[in-house]
Structures are given as C-alpha cells and as structure tokens.
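Notes follow once the structure below has been shown.
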2 protein chains.
Amino acid sequence: MTRAADRSKRPLRTSVWLDGRPPAGDAPRGDAPRGKAPEGRAPEGRAPAPTPGGARRPDQPTGLDLHRIVTETVALLDTDGLASFSMRKLAGRLGVTAMSVYWYVDTKDDLLELALDEVFAELPPNTEGEPIEASPDWWARLRALAHGYRAVLVRHPWVTTLIGNYLNVGPRSKAFSLAVQRVIRDTGLPPERRMGAIGATFQFVYGFGTIEGHFKQRCATAGMTQDEYYTEAIGSIRQSPEMAGYLESADEILAARGEGTVEELRERDFEVALDILIAGIEATTARG
Amino acid sequence: MTRAADRSKRPLRTSVWLDGRPPAGDAPRGDAPRGKAPEGRAPEGRAPAPTPGGARRPDQPTGLDLHRIVTETVALLDTDGLASFSMRKLAGRLGVTAMSVYWYVDTKDDLLELALDEVFAELPPNTEGEPIEASPDWWARLRALAHGYRAVLVRHPWVTTLIGNYLNVGPRSKAFSLAVQRVIRDTGLPPERRMGAIGATFQFVYGFGTIEGHFKQRCATAGMTQDEYYTEAIGSIRQSPEMAGYLESADEILAARGEGTVEELRERDFEVALDILIAGIEATTARG
DNA sequence: ACCTGAACACCGTTCAAGT
DNA sequence: ACCTGAACACCGTTCAAGT
C-alpha cells in the first residue's frame, strides 16, 4: 500500500500545491522526510504522528528524503533534459528502487511540479543579499526581475516546458509574482492596465528565455559553442534552396546588429526589448 | 528495410527542413505519396523514379499519404494533447500498423516538426482573402499578426511546447517570419533595434498564447467552462493558508479589471499589452 | 514507516520478412 | 514501393509483500 492517500477521489487536481501540501519546510534544507501531507481531507485517517518535531531520523536505511529527491530531480533535468528524465533513472541515482520514490511523491507529474517551484528559489525576491526592493526606480527593479527570471529559464531549459503544462503556484513562484505585482504598481499605471503590463513584460521574458535556453542546451548536447552552432546552422539554411529570400531579409537585420558573439548580440536584443517595454509603460501611463 | 536513408550518418540534425526535405508540395493537398526525399546526399542510390509527375497512384493498398499522416497527427494532437500522442495510436486512426508510418517519416520527432509547420498555414500571411499587407499602418498589421499568432497557439496548445524544442524553420513558419520582419521594418525603428522589437512583440504573444492555450485545454479536459474552472481555482487558493496575502495583492488588480468573463478580461489584457508594445516602439523610434 | 520485486499496460524503434 | 509482425529496450504505475 503506498501513501497515495486517495488518488481515486481526485478528479480535478490542478496542482500539488492546491491540495494541502505543506511548503516543504519553507527552505530546502534536509529536514524531516515526511512524505506528503495527509491530503488534508479527513484528519481521522492520520497515522501515529510521524517523527514529532520534524527531526531527521538517522536510523533510516536509505536516507531518502523529499528534498533529496527534488534536488536530484533538478540536477538530472539540468544535465539530461526533460525528455530523458525517468523515475527509474532518478531512483538509480538515489540508490533505491524506482518504487521507493513513490512513497514521497504521488506521480511523476507531482515531482516535476515540485522541481519547478524549487528552481524559483533562485529568483531575485528570494535570493539573499540583493535587496532589489531598495531601488526607488521601478524600471531598475523591473529590469532586475526580468534578468533574474531569464537567468532561471536559461539555466534550466526544462522550466519553460513545465510552466506551460502546470500553471505553477508554488510558494517560491508566488514570491516572484508578488514582487512583479509590486513593481508594476509602482509604475503608476492605472490598475486596469497592470495585468496587461505584467503580461507584456514577463511573457516576453518567458518567450525569450525559452528560445535562449533551448538553443543553449542544443549547443551543449551537440558539443559546440553557441557561435559554432550558429554559423553551422546559417550555413545549412543558406544551402537549402527554399530558404533563399529568407536570409536576404534577415541579413539586413543581422548585419545591423553589428559585431559580437551570439551571446553579446542576444544580450543587446534583450536590453532593447526592455527599453521598448519600459518606454511603452511610461507612454501609456502619461497618456492615461 | 525502411526508407531511413542513412540515419547513422546524421550526427547533427537540427530539423527536418534543413536536411533536404521538399516543402511537401508547397500546399497540403493530397498529392503524391512520395515519402521522404532521398536525403539529397548521394544521387546514385536513387530508386527507379517513384511515380513520375507526382500523380497519386490509385492502386495503393492503404491509401497512406504524408499529408494524410500529418493531418491526422494535427487532429490527434488537438483533441488528445501532446502527452498522449503515440505512433501506435496514430497508426490505429489511419487504419495501419504502427510501422507503416515509418515509411513516410524517420522518427516521431520529425513527424511532430511537420505537424508544427502545417499549423502555421493558418497564420495571416498564408491565409487567403486577408491581404493584411494592404493596410498602410504598421501598427494595424502588427496587431493582425499578433492576433493571428495567438489564435494558432490557442487552437493548438501543443504548438508552444514543440516550438521550444525544435527551433522551427519550415516553409510556412518562414512566411510568417518574413511578414513580421516587414512590419517591423515599416515601424521606422533603426535596424539594430528591430530584433529586440520582434522579440518584445512576438515572444510576448508566444508566452501569452502558451498560458491561454494550456488553460483552455485544462478546462476542456475537466469538462468545465473557463469561468467555472477559474472560480473553482480561486476558491482552492483562497482555502490554502500559505496563499493568504497572494490574492490580497492580486485582488486589487483583478477587481480593477472590471466586469466580464474570463475570456473578455483576457482579451482586454492582450490589447493593453499590444498598446504598450506599440507605444514603446513609437517612443523608441522617435528617440533614436 | 519505509522499501522492494514482480507484473501490467504501455512506449519508440529495429529488423527481417512479406507482396 | 509499401506494409506487416515479432521483438528489444524502455516507460509510469499498481499491487502484494517484506522489515
């Protein structure tokens, strides 16, 4: 019998988080290996209170841990990608049977959702020592949040794929959302336009980070630098007859972007886009 | 022996399109069932010229077709989603064995890439009777392109997932890219800022369409309307103790958006975002 | 409370064989 | 030229059982 409380009576599960799961100790330290919360449905079915106080029991055979599982999941996703991630592979890395993991997690999807939120801890509002709230200029804070978000997406290319599938509402992604809402409020935009502004800015970053992250990963698995891959790809396109006329138009833009590595060019494009967004918010605020 | 020309000598395959595949007759009509091109590598290995002229041979046992395969793939992806799509299921729908499909297609990934480009035919520059080029105002055309792109992403939620994984360069997505480049050129932005502007606009639409499409799909599989699902989800969040303070801040924005269904609200947000982007492009142009 | 092993119902893809 | 069937090496997950 697994811990899978009552999977049958769960017709509409939108997220691990909306089903009574505790925020995993609020910090990803190696605390109590407590598995999942009793689903908060019927307190009568509760077990004898597992390890009161939440202290780590040292006499455990495998030393398995929700936190250890999530951490290893993130590591595996980073190196091998989402497509090749499997419960069996993960279990192998953890030195246990595939089914051991299922004691701590209901499904693979739930585990991925946990990994997703874990990674949001790297974002500006959560990182220590960087009080971006300190800056009085909203545009400086907006830029900081955008750069932080982008960095996460690029570091973990699987994140964008997952965000689309689980509309994430874990504790850490929540913190980020709140920081975003505060910045947008400080722009002076009237409330009815704030949602649109949030979308324009962070959906852009999401899209940008998606392309960038997947490109980076592709280069890595091909064993090439980004510049090598880029020139190789351009070469391929140039040889294919159907693609004539495409580069003809694109070349103009590419040439105008001037000197620099692929990464430098992309950096500039990102800044330009942020300039446009900030200018647009300013213009729309003044107008309203 | 399958048609898989020389899969072993293909270490860096970025795309079906960059490997000599013909544009499938340029239009997805039921033309010659020709499978894949001979990979354009060594013309000596060519078969006796398959059905000269490209006319459809009526004596075929199953009537299988690259076009029929791609069309059915799109249909299946639309109804069941990317996660549950399988070659075996597809074959079943087509009334053939799983392996029959592999005569026309090298891998599942290649097939998905073909489906991806197929769907770009629904976009403005390809659709007939809508000469968006006619409008002299760049912002009107930009809005049209943005709306068209968004519509595709919402109609086919699997598209955003795939675009991230295969940086798509099929003939139809190429047509869309060209239309985008033309609009941005007409904004009067200096060339070195155009790439940033393209990103700001269409990465935003990509992100927006991703969330919207997946949300719609989620509602559909749950058998609820978008409004039902929305209020249900809000209710779940409100009950969870960790989420207090989240809605507190979000409520302000939600309330300010005023009356309307979820879809109407989203529509307004999208327009506001486009307003911001267009205003930003204008401001940046004037400034430069 | 935590972990295992065997089993089920799936995958994508290869290969040899049919017509 | 086109299609099949069996087989291989995988999946996620259930279930009954161990300690």
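Keep in mind the model is a prediction, meaning the values are calculated, not measured.
Tyr104(B) places its OH atom 12 Å from the P atom of dA1(D), with the value rounded to the nearest Å. Per the geometry, CG belonging to Asp106(A) stands 9 Å off P belonging to dT13(D), to the nearest Å. As rounded to whole Å, 10 Å separates atom P of dT13(C) from atom CG of Leu111(B). Computed from coordinates, the Met99(B) CE to dA1(D) P distance equals 17 Å when rounded to whole Å. Protein atom OH of Tyr102(A) is 18 Å distant from nucleotide atom P of dA6(C), rounded to whole Å. The CH2 atom of Trp103(A) sits 17 Å away from the P atom of dA17(D) (whole-angstrom rounding). Spacing between atom CG of Asp65(A) and atom P of dA1(C) amounts to 17 Å, rounded to whole angstrom units. Here dG12(C) presents its C1' atom at 12 Å from CG of Leu112(B), a figure rounded to the nearest Å.
Between the Arg68(A) side chain and the Gly63(A) main chain, a donor and an acceptor come within less than 3.5 Å of each other. The backbone N or O of Val16(B) lies less than 3.5 Å from no partner atom in the side chain of Asp110(B), so there is not a single donor-acceptor pair.
Note that CG of Asp78(B) is 6.0 Å distant from CH2 of Trp158(B), once rounded to the nearest 0.5 Å.
In this model, no donor atom of one side chain and acceptor atom of the other lie less than 3.5 Å apart for His67(A) and Glu118(A).
Across every non-hydrogen atom of Cys219(B) and Tyr229(B), the tightest pair is SG-CB, 3.6 Å. Considering all non-hydrogen atoms of both residues, Thr107(A) and Tyr102(A) come closest at CA-CE2, 4.2 Å.
Gln226(B) pairs with exactly one of Arg266(B), Glu212(B), Arg218(B), Lys216(B) by the side-chain hydrogen bond (donor to acceptor under 3.5 Å, both in side chains) rule, that one being Arg266(B).
Listed by residue number, Arg88(B) are the residues of residues 75-90 of chain B with a heavy-atom contact under 4.0 Å to DNA chain D.
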Per-pair distances, 0.1 Å, donor-acceptor, side chain in residues 87-100 of chain B, under 3.5 Å, sequence neighbours excluded:
| unit_1 | atom_1 | unit_2 | atom_2 | d |
| --- | --- | --- | --- | --- |
| Lys89(B) | NZ | Ser84(B) | O | 2.7 |
| Arg93(B) | NH1 | Glu72(B) | OE2 | 3.0 |
| Ser100(B) | OG | Thr97(B) | O | 3.3 |

task = Walk me through it: do Thr210(B) and His214(B) pass the test side-chain hydrogen bond (donor to acceptor under 3.5 Å, both in side chains)?
result = CA-CA 6 Å; Thr210(B) 302; His214(B) 284 276; 5.9 Å; no
ask   = Given Watson-Crick or G-U pairs with both distances under 3.5 Å, what dot-bracket string fits DNA chain C, with | for other-strand pairs and [ ] for crossing?
value = ||.|||||...|||||.||
